[in-house]
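The structure appears below as structure tokens.
Sequential numbering from 1 along the given sequence is applied to the chain's residues. Every heavy atom of this structure was used, including side-chain atoms; hydrogens, water molecules and symmetry mates were not.
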Amino acid sequence: MRIGVAALMAAFAASGGAGPRDPPGLVRLRLAGLRVTEGKLLPGPDDVLRIEEPKVRAVARSLSGAVAELRFAYLGPTSRQEPLSSGEMRRQIGLKLRAEDGCNVLYAMWRLAPKPGLVVSLKRNPGQHSWGDCGASGYANLRPRRSSPAPALDPGVRHSLRAEQRGNDLIVLVDGAPAWEGTLPAEALSLQGPAGLRSDNGRFELQLFVSEP
């Protein structure tokens with residue numbers, strides 16, 4: 001059954017997203033502050049954003065700092081499902097980090113299906129910059145030093161996904177608890193770009209926060 005979008009959006013906005021207030025030290029990105037490179041982000045009340053399309057990609061219009069946080073509620077699968085370029089039918093939402101371009105970006109993704117879990121991956125294609133150049137090439141999952149399972153995403157439940165770069169380390173927190181920690185390779189540290197978001201085959205209400213550069 002599809003969650004009532006209007007009712008959930010009202011509750012989401014009234015609560016300030018996935019918590020009682022905006023996270024300290026971070027700036028909330030409104031729709032005008034995001035460059036949507038694929039799909040569509042829909043505006044909602046109190047600058048809550050909504051995703052209804054199978055594939056959505058967006059990045060901040062200006063350079064962001066070492067912390068990014070996504071607060072969201074999963075509303076269920078999109079009415080139309082689209083496979084990844086690999087052919088896998090994946091449902092997920094997550095953060096784009098150090099997003100230099102479409103071929104060179106670091107991801108922290110919370111996967112719902114077909115196999116739930118938190119994955120940090122690097123897409124690196126030196127000298128290539130657009131989908132026409134690299135397609136789905138250059139992906140590698142990064143091995144954590146420590147990790148813990150992410151909870152299941154039930155429709156209508158609010159969650160947070162936060163990534164913090166501390167020196168050469170990346171720490172990813174799920175609902176405020178550490179879920180992935182590891183050292184970034186030189187290829188990831190060399191990337192220069194803003195934070196952003198990505199979703200596949202899921203409907204979401206969300207807010208994106210970033211630190212200043």
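- From R71, atom CZ reaches atom CG of L208 across 11.5 Å, with rounding to the nearest 0.5 Å.
- Contacts classified as salt bridge (charged side-chain N to carboxylate O under 4.0 Å, His left out) and involving residues 77-91 (residues at least two apart or in different chains) are given here: R80-E82, E88-R90.
- Side-chain contact between L26 and S211: present, with at least one pair of heavy atoms (C-beta onward) separated by less than 4.5 Å.
- Remark: A66 pairs with Q165 by the side-chain contact (heavy atoms from CB on, under 4.5 Å) rule, at least two apart or across chains.
- By the side-chain contact (heavy atoms from CB on, under 4.5 Å) test, A68 pairs with L95, L97, A195, V210, sequence neighbours left out.
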Under 3.5 Å, which donor-acceptor pairs do the side chains of residues 114-126 form with other protein atoms, sequence neighbours left out?
{"unit_1": "K123", "atom_1": "NZ", "unit_2": "G102", "atom_2": "O", "d": "3.1"}
{"unit_1": "K123", "atom_1": "NZ", "unit_2": "G135", "atom_2": "O", "d": "2.7"}
{"unit_1": "R124", "atom_1": "NE", "unit_2": "E187", "atom_2": "O", "d": "3.3"}
{"unit_1": "R124", "atom_1": "NH1", "unit_2": "N104", "atom_2": "OD1", "d": "2.7"}
{"unit_1": "R124", "atom_1": "NH2", "unit_2": "S190", "atom_2": "OG", "d": "3.3"}
{"unit_1": "N125", "atom_1": "ND2", "unit_2": "C103", "atom_2": "O", "d": "2.9"}
{"unit_1": "N125", "atom_1": "ND2", "unit_2": "S137", "atom_2": "O", "d": "2.9"}

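- Among residues at least two apart or in separate chains, side-chain hydrogen bond (donor to acceptor under 3.5 Å, both in side chains) pairs with a member in residues 57-68 are R57-D200.
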Derivation and outcome, side-chain contact (heavy atoms from CB on, under 4.5 Å), residues N168 and L184: CA-CA 6 Å; N168 293 344; L184 294 175; 5.6 Å; no
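- By the 30° and 60° cut-offs, the orientation of the rings of F72 relative to W110 is perpendicular.
- For R145, the salt bridge (charged side-chain N to carboxylate O under 4.0 Å, His left out) partners two or more places apart in sequence, or in a different chain, are D169, E181.
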Please step through side-chain contact (heavy atoms from CB on, under 4.5 Å) for the pair L170 and W180, ending with a clear verdict. CA-CA 8 Å; L170 181 71; W180 193 101; 4.1 Å; yes
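- Of the candidates E53, R203, K55, E52, T78 forms a side-chain contact (heavy atoms from CB on, under 4.5 Å) with just one, namely R203.
- Between A108 and L161 the shortest heavy-atom distance is O-CD2, 3.6 Å.
- Residues meeting the salt bridge (charged side-chain N to carboxylate O under 4.0 Å, His left out) test with D133, sequence neighbours left out: none.
- Cluster membership for L31 and L197, using ILVMFWY side-chain heavy atoms within less than 4.5 angstrom, is shared.
- The salt bridge (charged side-chain N to carboxylate O under 4.0 Å, His left out) search around D175 returns none, not counting sequence neighbours.
- E38 meets the salt bridge (charged side-chain N to carboxylate O under 4.0 Å, His left out) test with no other residue; sequence neighbours excluded.
- Atom CZ of R35 sits in a sparse spot, with 12 or fewer heavy atoms from other residues, nucleotides or ligands closer than 6.0 Å.
- The two residues A60 and L34 make their nearest non-hydrogen contact at N-CD2, 3.9 Å.
- When every heavy atom of L70 is checked against every heavy atom of G94, the shortest pair comes out as CD2-O, 4.0 Å.
- Interatomic distance, NE2 of H159 versus CG of D154, reported as 6.5 Å (0.5 Å rounding).
- In the hydrophobic clustering of this structure, L41 groups with F204; members are Ile, Leu, Val, Met, Phe, Trp, Tyr whose side-chain heavy atoms approach within less than 4.5 Å, directly or through other members.
- Qualifying side-chain contact (heavy atoms from CB on, under 4.5 Å) partners for E164, counting only residues two or more places apart in sequence or in other chains: V67, R162, R166, L173.
- Using a 4.5 Å heavy-atom cutoff, the side chains of I93 and Y74 are not in contact.
- You'll find the side chain of E205 stays beyond 4.5 Å of the side chain of R158, heavy atoms only.
- Here the closest non-hydrogen pair linking P178 and S148 is O-OG, 3.2 Å.
- For the pair L42/L49, no side-chain contact is recorded, criterion being any heavy-atom separation below 4.5 Å from C-beta on.
- Applying the salt bridge (charged side-chain N to carboxylate O under 4.0 Å, His left out) test to residues at least two apart or on different chains, none of the pairs has a partner in residues 97-107.
- Cluster note: Y139 groups with V105, Y107, M109 through ILVMFWY side-chain heavy atoms spaced under 4.5 Å, whether in direct contact or through intervening members.
- Separating the OG atom in S160 from the CG atom in L206 is a distance of 13.0 Å, to the nearest 0.5 Å.
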